Amino acid sequence: MQFLAVGKSVIRKEAWEKVTGQAKYTADISSPELLYGVIVTSTCAHGNIKQIDIETARSMPGVRAVITGDYYPILTGSVIKDRPPLASGKVRYYGEPVAVVVADTEAEAAAAALQVKVSYEELPTVNSPAEAIKANAPLLHEFVDQYQKSIPEVYPQANSNVVHHVKIRKGDLNKGWEDAEVVVEGSFTLPMSDHIAMETRNAMAHILSDGKIIIRTSSQAPFPVRKMISEQFGRDLGDVIVHVPLVGGAFGGKASVELEYLAVLASQAVGGRKVIISISREQDIASFPVKIALEARIKLGARRDGTLTAGEYTYLVGTGAYAESGPRMANAMAMSCTGPYKLDNVWCDALCVYTNHTYATAFRGFGHGSMTFAVERMMDKLAAALKMDPVQIRRKNAVKPGDTTPTQVELTESNLGNLQACIDKAETLINWEQGQVQYVGENKILARGVACFWKTSSSPTDALASAVVTFNSDGSANLQVGAVEIGPSTKTTLAQILAEKLSLDISRIHVEMEVDTGHSPHHWKTVASMSTFMVGRAVEEAADDALKQLLSLAAIAMVCAPEDLMVENGRIAYKDNPQEYIEFADIAHGYKHANGSTVGSQVIGRGSFVMPHLSPMDQETGKGKPGPYQTPGAQAVEVELNTADYTYRILKAVTVLDAGRVINPKAAQGLVMGAMSMGLGLATREELVFNQKQELSNTSLRTYKVMHIGQQPEYIVDWVETPNKAGPYGARGLAEHGILGIHAALLNALSKAAGVELDQLPVYAETIWKKVEEGRS
Amino acid sequence: MIPFDFSYYRPDSAGEAVALFQDLDAQGKKPLYYGGGTEIISMGRHNNVDTGAVIDIKSIPECGVQEFQDDSLVIGAGVTLTQIHEANLFPLLAQAGARVADHTTQNKITLGGNMCGSIVYRESLLPLLLTDCEVIIAGPGGNRNAPVNDIFDKQVQLNRGEVILQYRIPKSLVNSPHVHVKRTKSEKISYPLLTICALNSGQQVRFAFSGLCGYPFRSKEMEQALNDTSRPADERADHAISQLPEPMADNLESSAAYRQFVLKGSLVSILNELGG
């Protein structure tokens, strides 16, 4: 099939704005009426607040208000309402917001913030997920079972730090162990880390005299912001208006409602005046949600030929001091717990637990990356135990149509894709035939590692997306959607889908970049790599709706039945005589007859989409359909290890994924490369380091390290395209997936090269040295 | 955003700078001499700097010099690490400076500032320690000269109100065989797990270190051990390590044990390269 816009590397619609610096982000606004909020944060990781002295701060120049937790005591959270926007009574992590100072200038607010004095009675801390479930662990939340639930499917355990427990019970595990000829076990640890979006979090709010609350925020979730604010402040949904301009990166970190509460409270404290709170990098890391920690234990059973017979998985998900999306990520890990392998006998227990660390929220991959790390290291351990080739064991067990997921969803070619083909391509691209380990010089070992992944979304079963297409009188079209442009060129991809459907040149599609909940059509959230799929479906429907209107107007103009007409290049022509046509321009605002009288009016197409047949996971067995389809893939890394000092250099990183249909190849390639880069950052350097008092030690980019430009290996991205029949033009989500297995591929290679088992992230030269030393003694 | 106000001065002479300092000090302004400003700005953001006035030394003519004069290479305290790297008159210094922070920051950081700031690593100081260079200092009592190893001993040994104008480096040493090693935890641009500068003066190999202890240093005892040609390189390295001036640092960059492993490997390879 020949496409007009789909499959073309279209330059993003906002490219010129971005490269010239004209693009406006949330905080790129100044106005004489604007007041500034600065947050005071906890210096104690777990403690009762004895006293907060705000008197000095309140009397400082320019200060308009100082608020603390008792100003408007509410509890928030998208799964369970356990978190006050400002700490109330006690603090549960270092960096927790305890007060906001509002002043005429940011400098005045910051100066006054330093004068807010808080004293704490320190409490014992919970330092890791494993400590959280110890019998006599200190409790972060004394009455966790009494919190109000935001969704029914969350199962907190009274008198514990366990806020959620999800189970998978599939098949007969005992039979699986009986069938097993080899059993391997492993444990894995992944630390918390940060999103480090280029644009730090910031939000602005004011309250009109009629009570309307107006918010401008850097968010992936304008509609949830509206909903939560409307609930917590007792407003009609329509009386809360949320503007989200371009967002400078988010990676899941802006998918929950956080700073918006503080901005609204700050505005309320100064009589509704406009207040902006712009968060510094240091506070963004320490005070606002980060990536979960994970401690995992896996036990696999297999026959001697490599066939998996049993899998038992325990995932301890450290969500920090508050639950936020942690429980949902526990679900996500459980529902995909086996990795993309056929396994009929599966037990999984995923527990989401509190620790005295910065709380966690979604992070690119939504738990799948952490889970995949553990699973893919296990597959290499199993291969080693069986003396099998790591690629071969994956190929042998790779899921196929007809198999089922851990939640017992039946897999088809359409909803699964073709993992086998991904493995084949990745194997070739990494030159696997040259061997997994090669000695390439004095103290130099070149090693290769592979990993596979799969991911579906774990969206609410009623998550919906909508689109509106309006026509201009010149025949061009405007597209409005509720998805936020957070960086991956989503809006341009959606414009391509519309251009294709309307058979209109992409330059004639105009997309509104900003989301304004006052008039943008609804979209659940810009998360889970789902925007192209969900909004794309809504755009298709809106296009069909518009086309129907255009065709019926054209039929009047051309005196025929709509069925006799076809759409081509922004025109509607007779099917049997394409030389005779009418331009969109002549009917987009109605058809004007020669005598002046007009039929019809502006063409407005509407479309919306909700994922069909989703169902929550059963509390006892996990049975259910949490996501619409899988995106599978295979990854590989080539690394050179120096065995004299254990430093290593990543030379090559490969991702092959089944994209269903690649709508914008270069944009998609960039996304997958970016995701690999982020995953290799997690593998090699990213971690939040807490000291003995559980204070965060690396709150700045001096000490929290990310991959920098110039340090990346050669990135290779390739595609398999097995159409997803439910997706627009067959597309599957792909924005997160490059991150999922790349760390495992690297550690599989390094473990082989160094001859030790590397089962924790990140891996420094020192980590390998220590393992080697342990092995010697 | 720096949440406090301060005055900025840019005097044209050393005398003016010193007089300003005394005056501002008397007013209780807690003045600071200002080189590239990278630390004052970044620490000011966190209110970790307490000053009401900064005195920028970059317009003092002596501070901007970078040239050979008689038997010396003279480098002003206000010359940036980038300028030193580009001129490359003292290759070891050029190399060491080019691994302090990132390039954008190197455009700002000055030789004097890197020595006198508060971040403890001061890696561009190491080549200066190796040359025993002379430091020209202006102060309330006029100018004075002193050997760099006296001016820096664990920390900068200047009297209140004094400012470094220049370094006079023996020309005979700037092209000596040398090695620069910087090892970090993982990232190229980072604080050092260790940095070693070594220079073969003709008589012996001199060593200066950063990252091993709480301050950069050159140790006579370690140099003696490392130059003991009667023993093989790895014994010399072990002996030198036993002479560290204080226990090996154990911090975010590395454990003490791994640091020792890396140090030993680096020393052996430097000895193999520079002889001694």
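The figures that follow rest on heavy atoms only: side chains count, while hydrogens, waters and symmetry mates do not. Throughout, a chain's letter reflects where its sequence line sits, starting with A, and its residues are numbered from 1. This one's a predicted model, so the numbers in the text were calculated from it and none came from an experiment.
- Of the listed residues (A:Ala765, A:Ala111, A:Ala112), the one with the most heavy-atom contacts under 4.5 Å to chain B is A:Ala765.
- Taking the six-membered ring for Trp and thresholds of 30 and 60 degrees, B:Phe21 and B:Tyr33 have nearly parallel ring planes, at less than 30 degrees apart.
- Using a 4.5 Å cut-off on side-chain heavy atoms (C-beta onward), A:Glu695 and A:Phe690 make no contact.
- In this structure, chain B has a heavy atom under 4.5 Å from the side chain of A:Glu687, while its backbone stays farther away.
- At a 4.5 Å heavy-atom cutoff, the contact between A:Ala644 and chain B is made by backbone atoms alone.
- Contact check for A:Ser697 versus A:Thr703: no side-chain heavy atoms found under the 4.5 Å cut-off.
- Judged by distance alone, with hydrogens and angles left aside, the side-chain atoms of B:Glu86 form no donor-acceptor pair with the main-chain N or O of B:Gln83 at under 3.5 Å.
- Between B:Glu187 and A:His708, the side chains place a donor N or O and an acceptor N or O closer than 3.5 Å (distance only, hydrogens not considered).
- The contact between B:Tyr191 and chain A is made entirely by side chain atoms (from C-beta outward), counting heavy-atom distances below 4.5 Å.
- Among the candidates B:Arg259, B:Arg183, B:Lys188, the residue making the largest number of heavy-atom pairs closer than 4.5 Å to chain A is B:Arg183.
- Side-chain contact between B:Ile55 and B:Tyr34 is absent, with no heavy atoms from C-beta onward closer than 4.5 Å.
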Could you please spell out the steps behind the side chain to side chain contact (heavy atoms under 4.5 Å, CB included) verdict for A:Thr189 and A:Asp759?
CA-CA 7 Å; A:Thr189 312; A:Asp759 294 332; over 6 Å; no
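- Interface residue A:Thr684: only backbone heavy atoms are found under 4.5 Å from chain B.
- Proximity to chain B is limited to the side chain of A:Thr647, based on heavy atoms less than 4.5 angstrom apart.
- Contacts between A:Gln711 and chain B at a heavy-atom distance below 4.5 Å involve the side chain alone, from C-beta outward.
- Residue contact with chain B, scored on non-hydrogen atoms closer than 4.5 Å, is absent for A:Tyr648.
- There is no contact between A:Val763 and chain B, counting heavy-atom distances below 4.5 Å.
- Remark: the A:Ser280 side chain and the A:Gln283 side chain contain no N/O donor-acceptor pair separated by less than 3.5 Å.
- Of the atoms belonging to B:Ala257, heavy atoms from both backbone and side chain fall under 4.5 Å from chain A.
- Judged purely by distance below 3.5 Å, without hydrogens or angles, the side chains of B:Ser255 and A:Glu766 pair a donor atom with an acceptor atom.
- Using a 4.5 Å cut-off between heavy atoms, A:Glu773 makes no contact with chain B at all.
- When B:Ser190, B:Ser269, B:Ser266, B:Ala101 are compared by the number of non-hydrogen pairs under 4.5 Å with chain A, B:Ser190 comes out ahead.
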